[in-house]
Participant: 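Questions regarding the structure given below will be posed in turn.
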There are 2 protein chains.
Amino acid sequence: MSKSMDYENLNENVKKCQYAVRGELYLRASELQKEGKKIIFTNVGNPHALGQKPLTFPRQVVALCQAPFLLDDPNVGLLFPADAIARAKHYLSLTSGGLGAYSDSRGLPGVRKEVAEFIERRDGYPSDPELIFLTDGASKGVMQILNTIIRDANDGILVPVPQYPLYSATISLLGGSLVPYYLEETANWGLDVVNLRQSVTQARSQGITVRAMVIINPGNPTGQCLSEANLKEVLTFCYENNLVLLGDEVYQQNIYQDERPFISARKVLMDMGPPISKECELVSFHTVSKGYWGECGQRGGYFEMTNISPRTVEEIYKVASIALSPNVPAQIFMGLMVNPLKPGDISYDQFVRESKGILESLRRRARIMTDGFNSCRNVVCNFTEGAMYSFPQIRLPPKAIEAAKQAGKVADVFYCLKLLEATGISTVPGSGFGQKEGVFHLRTTILPAEEDMPEIMASFQKFNDEFMEQYEDYRGYSRM
Amino acid sequence: MSKSMDYENLNENVKKCQYAVRGELYLRASELQKEGKKIIFTNVGNPHALGQKPLTFPRQVVALCQAPFLLDDPNVGLLFPADAIARAKHYLSLTSGGLGAYSDSRGLPGVRKEVAEFIERRDGYPSDPELIFLTDGASKGVMQILNTIIRDANDGILVPVPQYPLYSATISLLGGSLVPYYLEETANWGLDVVNLRQSVTQARSQGITVRAMVIINPGNPTGQCLSEANLKEVLTFCYENNLVLLGDEVYQQNIYQDERPFISARKVLMDMGPPISKECELVSFHTVSKGYWGECGQRGGYFEMTNISPRTVEEIYKVASIALSPNVPAQIFMGLMVNPLKPGDISYDQFVRESKGILESLRRRARIMTDGFNSCRNVVCNFTEGAMYSFPQIRLPPKAIEAAKQAGKVADVFYCLKLLEATGISTVPGSGFGQKEGVFHLRTTILPAEEDMPEIMASFQKFNDEFMEQYEDYRGYSRM
């Protein structure tokens, strides 16, 4: 007899969900690493794992909050600047019992107030701390909101394809339906509202109630930045179709071009004025894991709700309370991120130097990587306008696709596994994000250290040349 | 037309779930606090919020891990002892990129190894780090496991009543069925296997497939410690009925009597030998939030799986990976908890002094509180053998029950609200944990500072006297 927790008896939704960012490629890379091979983990946007140093000031503040007894030590000034000491005292005053006490399940009220002030400065419209919930990273926030929305397999969520698989995995786990809308690679991964309409019409014809729409801006894995005009179209579409818009804006600090600076969905919505600004439901997500912070391991994030009914907000609060509270140290990081140092503060110059250094290097790396991919045989790649990823299309020769089939692998998984074995570069196959039939990609972060980039790109090029050589039959590519 | 996220359109399971520990009483207490009233939050086991000081050594280590640049500072030795510096270096060497990098989704391999070694020392049987997953607190681990098990409303989970409402809330949220088994108040909250059998038989007659059984040892809210003989009966019952046992052992350090020291379900299972020791499925939970640590706000926990099929372990790993990783600072706390200082270490004496001080005081407080409640009119209370709670039965006069009904409140909610308004003591009504029909309790933590205890108990007694005076009609009590 099979046991209660044997595979065949598990929740089917658990079995169905897939998360390629830590899927087959990652597992194989971890094995190879254990065997002693040097692996470059570019499968996940994890800057510190690739050598990015943390910003000094926030780490000083959180260290002091963890060890508040240092504040009474006469020598504290030898190791910590006065502004870090003052800020640590400020955050400790917002807690009731320091970092070791559960906070309110929505997060510390004082930090939520700082987030609201940040949003107001950014967008020019006031924000209500009572509608801001702190979370253990943005992913957990997305999962909470989707859990509130999805009732059964007839509830559909519009998700861009290619998409970050948090969305596909969570929708599977919750037993909902993913309704894809395709981004146009040839239009720089643009979002076309005509595609949206078609997707919704088709879903409805299959009995799906489309409830929500996800945008990722800047895009993951696609790296595009949405224009204000495009966001207006999206909001109008959501309003007309009674969809709540989930705005994944975790890469808002990561912009590598000047034509389209980041603009939040909330600002665009407020700019549009009534009735839409008072009606259209919006939940926006942010994190301390990305930007020039890259504090992934701390697990800090927030979501802000706009035009969500008070009774629903209460329900979300109730569910958040089951796990008591998000981790408190990351709440302090969030406070520090949204309320940074100001000119004149003792540590300001260092803070600016560090953060600018990271962002400017990322901008150069985005360029090096795009150019590197575009110089490779059978590879084309849009420029990374924002976020942390490069998403080149790999035009696989028919013989490679055939070889993959014989190996029982999806063709891009086959390619990425060979890349991993040959070079140690751990990427994610495009099929993990969704793509059009017969088109193949891979996702890599732009995060390896700048000085390592030339070598990594050369190593990629050499592998790709040999791969194409091996499988090229001069009869044509997989697709243009 | 109603909007997508209006209350009537939400996931019904979200609406159904209840979590009384932060329910009506907590919300009212928060309001009163905002209005300036002094509130004693004894609704949740949150020691630092009630003044418990964190242990110095682990905070020193984590502060150094947050600010690794201090390790290169010539003055570091002025603020940190050498063993904290050495330990911080050790934990940083277990990460790939410090606290700012995502770890493996199961947690850092080096910390999971320390957990396995702790379990082996505790139980006398080896433990496999690959079967230990670190989590953002034990609650999150329980939710992950229940999500893996529960398929639909026909799947039943045996839960003790009274129970910690994490279980009822999570089972509701996941759309499963809670199958209650009653603990016997008159037998010191003992677990009777005859009750278990009856519960399972009754559930099966209603078409429920009972899949898992929860034990909380030491008990929450009931405070009893399970004997080895009792655990053997439970394990045999699970084995015979093909149930996975979920062992909530988060209070294993919190023991306030000497007759029944903590013994883990895993040790008892291993002691029983084959076939049961090789067959019976068990998942055990632990945390840094309780014990003498009380590091609730850090959100650190683990679960260990015994006799769970490898394919199921892979599925649990896959789902854990969707949220990337548990927070890394709390993983370090877990390492420090399971691998504490040893005699001879520089900080050992201080560590022992601090931790013994907390535990001995908790033992005294458990006694003060039990005795205090038992000296009150119409109140009877079992001794808190372990955990952090006192769960007195309040024998409400019929007139009080009638008055509650007229106020539209459950009778114990009515009592606890009056207690809150009169004294500022924020408790949780027994109905939030489940209890037999017509019997009323409240749960309070034993965590207020020892020096405040006499005043709190006097304040309770005064309120209770006045309440009983007001509603007593000399015609009898609610029950017993």
Side-chain angles (χ1 to χ4, degrees), chain A residues 3-7 10-11 14-15 19 22 46 48-49 54 59-60 62-63 66-67 70 73 75 78-79 96-103 105 136 139-140 148 150-151 166 169 211-212 242-244 281 294-299 308-309 311-312 315 318-319 321-324 327-330, chain B residues 3-7 10-11 14-15 19 22 46 48-49 54 59-60 62-63 66-67 70 73 75 78-79 96-103 105 136 139-140 148 150-151 166 169 211-212 242-244 281 294-299 308-309 311-312 315 318-319 321-324 327-330:
Chain A
K3 292 191 286 183
S4 186
M5 282 188 73
D6 277 354
Y7 181 78
L10 302 183
N11 178 351
V14 162
K15 296 189 218 172
Y19 185 71
R22 290 206 163 168
N46 194 7
H48 293 210
R59 288 298 193 98
Q60 288 169 328
V62 175
Q66 283 286 13
L70 295 179
D73 192 301
N75 289 319
L78 295 174
L79 287 180
S96 54
L99 304 195
Y102 295 125
S103 71
S105 306
D136 287 309
S139 299
K140 286 288 170 70
T148 310
I150 295 174
R151 297 166 299 195
L166 162 67
R211 306 271 316 274
N242 200 13
L243 309 178
V244 50
E281 295 174 307
E295 291 280 9
C296 300
Q298 312 283 354
R299 313 308 295 117
I308 306 295
S309 95
R311 207 163 163 202
T312 296
E315 292 295 307
K318 181 185 74 181
V319 173
S321 73
I322 301 172
L324 292 161
N327 88 78
V328 179
Chain B
K3 292 191 288 182
S4 186
M5 282 188 71
D6 278 353
Y7 181 78
L10 302 183
N11 178 352
V14 162
K15 296 189 217 172
Y19 185 69
R22 290 207 163 166
N46 194 8
H48 293 210
R59 289 296 193 98
Q60 289 170 326
V62 174
Q66 283 287 13
L70 294 180
D73 192 301
N75 289 320
L78 295 175
L79 287 180
S96 53
L99 303 195
Y102 296 125
S103 70
S105 305
D136 287 309
S139 299
K140 285 289 170 70
T148 310
I150 294 173
R151 298 165 300 193
L166 163 67
R211 307 271 316 274
N242 200 13
L243 309 178
V244 51
E281 294 174 307
E295 291 281 9
C296 300
Q298 313 281 356
R299 312 309 294 117
I308 306 295
S309 95
R311 207 164 162 201
T312 296
E315 292 296 305
K318 181 185 74 182
V319 172
S321 74
I322 301 173
L324 290 161
N327 89 77
V328 178

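Quick note on labels: first sequence line is chain A, next is B, and so on, each numbered from 1. Only this structure's heavy atoms are used, side chains among them; waters, hydrogens and symmetry mates stay out. Keep in mind that this is a model prediction, so the values were computed, not measured.
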Participant: Below 4.5 Å from any heavy atom of chain B, which atoms of Ile322(A) appear? Answer side chain, backbone, both or neither.
Facilitator: both

Participant: Heavy atoms only: give me the nearest Ala101(B)-Cys296(A) pair and the separation to one decimal.
Facilitator: C-CB, 4.5 Å

Participant: If you tally heavy-atom pairs under 4.5 Å against chain A, which of Gly97(B), Gly297(B), Ala49(B) wins?
Facilitator: Gly297(B)

Participant: Name the member of Leu79(B), Asn75(B), Leu78(B), Leu324(B) that forms the most heavy-atom pairs with chain A at distances under 4.5 Å.
Facilitator: Leu79(B)

Participant: Give, for atom CG of Leu99(B) and atom NE2 of His48(A), the distance between the pair rounded to the nearest 0.5 Å.
Facilitator: 10.0 Å

Participant: Going through the checks in order, is the side chain to side chain donor-acceptor pair (under 3.5 Å) test met by Gln66(B) and Gln298(A)?
Facilitator: CA-CA 10 Å; Gln66(B) 283 287 13; Gln298(A) 312 283 354; 3.0 Å; yes

Participant: For chain B, which of Gly98(A), Ala67(A), Gly294(A), Ser105(A) has the most heavy-atom pairs under 4.5 Å?
Facilitator: Ser105(A)

Participant: Roughly how far, to the nearest 0.5 Å, is the CD atom of Glu281(B) from the CE atom of Met5(A)?
Facilitator: 6.5 Å

Participant: Relative to chain A, which of Val328(B), Asp6(B), Val14(B) shows the most heavy atom pairs under 4.5 Å?
Facilitator: Val14(B)

Participant: Using a cut-off of under 4.5 Å for heavy-atom pairs, which of Asp73(B), Val319(B), Asn242(B) has the most such pairs with chain A?
Facilitator: Asn242(B)

Participant: First locate atom OH of Tyr19(A), then atom NZ of Lys318(B), and finally report the distance between them rounded to the nearest 0.5 Å.
Facilitator: 13.5 Å

Participant: Sort Ser103(A) into side chain, backbone, both or neither according to what part of it lies under 4.5 angstrom from a heavy atom of chain B.
Facilitator: backbone

Participant: Kindly indicate whether the side chain of Leu243(B), heavy atoms from C-beta on, has any atom under 4.5 Å from the side chain of Ser4(A).
Facilitator: no

Participant: Does the side chain of Ile150(B) reach to within under 4.5 Å of the side chain of Asn11(A), using non-hydrogen atoms?
Facilitator: no

Participant: Please check: side-chain N/O of Arg59(A) versus main-chain N/O of Ala63(B), any donor-acceptor pairing under 3.5 Å?
Facilitator: no

Participant: Using only atom types and a distance under 3.5 Å, with no angle test, would you say the side chain of Asn46(B) pairs donor to acceptor with the backbone of Tyr102(A)?
Facilitator: yes

Participant: Against chain A, work out which of Ala212(B), Ala330(B), Ser321(B) has the most heavy-atom pairs shorter than 4.5 Å and name it.
Facilitator: Ser321(B)

Participant: Can you check whether Thr312(B) reaches Leu10(A) side chain to side chain, under 4.5 Å on heavy atoms?
Facilitator: yes

Participant: Looking at Ile308(A), is its backbone amide N or carbonyl O close enough to the side chain of Lys3(B) to form a donor-acceptor pair, meaning the two atoms are under 3.5 Å apart?
Facilitator: no

Participant: Is the shortest side-chain N to carboxylate O distance from Asp136(B) to Lys140(A) below 4.0 Å?
Facilitator: yes

